[in-house]
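One structure is given here, and the rest of the page talks about it.
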Amino acid sequence: MNLRVSGHSTALYSTCWAIEPIGLLFDCGDGAAATLQQKGLKIKTIACSHADRDHLSGLFQFLQLNSTSNRPLVLYPKDSGSFPAIKKFTDQFDPHVAGNTKWQGIENGHVQQLKPNTFLEAYPNRHIPRSETSQGQHKSLSYSVYCDTQKLKSEFSSLSGPEIGRLRKERPVDEIVDIVRSTILTYSADTPIENAKYWKNPEVLIHEATFLNEKDLTSRKQEARHSSVPDVIKMASEMPNLKVLILGHFSCRYNHEQIRETIQAEAKRWNIKIPIFAVLPGEFVRDILSATPVWEPT
Ligand SMILES: [Zn+2]
């Protein structure tokens, strides 16, 4: 699948990532409507990771402009009280939103069908530690998008096209094909670093990288909630299927040059063989994968 990823992401201020071919928006921070403009009308699903204001404050204007034809569907962690409050407000303030936007509080493990073979899966992250919530509640989610494709079972691999056609008429489909699942994209959302295996072996990873070094990460007890560029790049080097890494959610304490230099130094250190793109503080990027990567393997 050819992904067009657009968006913006600056820690503390605003984050949203649009995945255009599948009509999906991860988070909806301030300015989401302005970033996407008329492309906002193509968004069918908004997958919200948590209720920090930089991830949801764009919902008011986005929904006001783009709620039509029974969409979008807004998915959110079911134990976050902020989303029902926004629903209540927008229902009263913009009545056409109430008639079209659907809201669904979801739990860990929720799977949402996006297209016939394409699914969105939600799972927990540790951005909002469970110790800070009532028992059993999860208030911060990460998301992966996976595709299920049919692959002819190996015992039939020597058959001709017409023979396979006949077989399909004679036998149930699950006797002829295996379902192969591939994760095309993972969105970490705000999160402390995890093991490489945690992210479901994606081809494209959008990961937060709030800090450039361990010292800043561990100051003010931020380490439990966010990630650093060195940690994320080291982790990405251990992901066997990864084709593209997209970094965002940088703290605006850093200038663009500092961020680029850190990414390049870490990519070199870990001998990264894939391109790394970055959405830098204050940038609004359309189709980031067609832009120049910050790191390109030689
Ligand atoms: Zn954030």
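Here, residue 1 is the first one in the sequence, and each next residue gets the next number. Counting convention: from 1, in listed order, for ligands and their atoms alike.
- Using cut-offs of 30° and 60° for the angle between ring planes, the H55 and H50 rings count as tilted.
- Salt bridge status for K153 with E175: absent, with no side-chain N to carboxylate O gap under 4.0 Å.
- The side-chain heavy atoms of Y187 and V204, taken from C-beta on, include no pair separated by under 4.5 Å.
- Inspection of the environment of the Zn ion (ligand 1) yields the following protein N, O or S atoms under 2.8 Å: D54 OD2, H55 NE2, D190 OD2, H249 NE2.
- Note that K87 lies outside the cation-pi zone of Y76, set by a 6.0 Å cut-off to the ring centre and a 45° limit from the axis.
- Residue-environment remark: NZ (K243) stays at or below the threshold of 12 foreign heavy atoms within 6.0 Å.
- Under a 4.5 Å side-chain heavy-atom cut-off, the cluster of Ile, Leu, Val, Met, Phe, Trp and Tyr residues that includes F119 is completed by V111, Y146.
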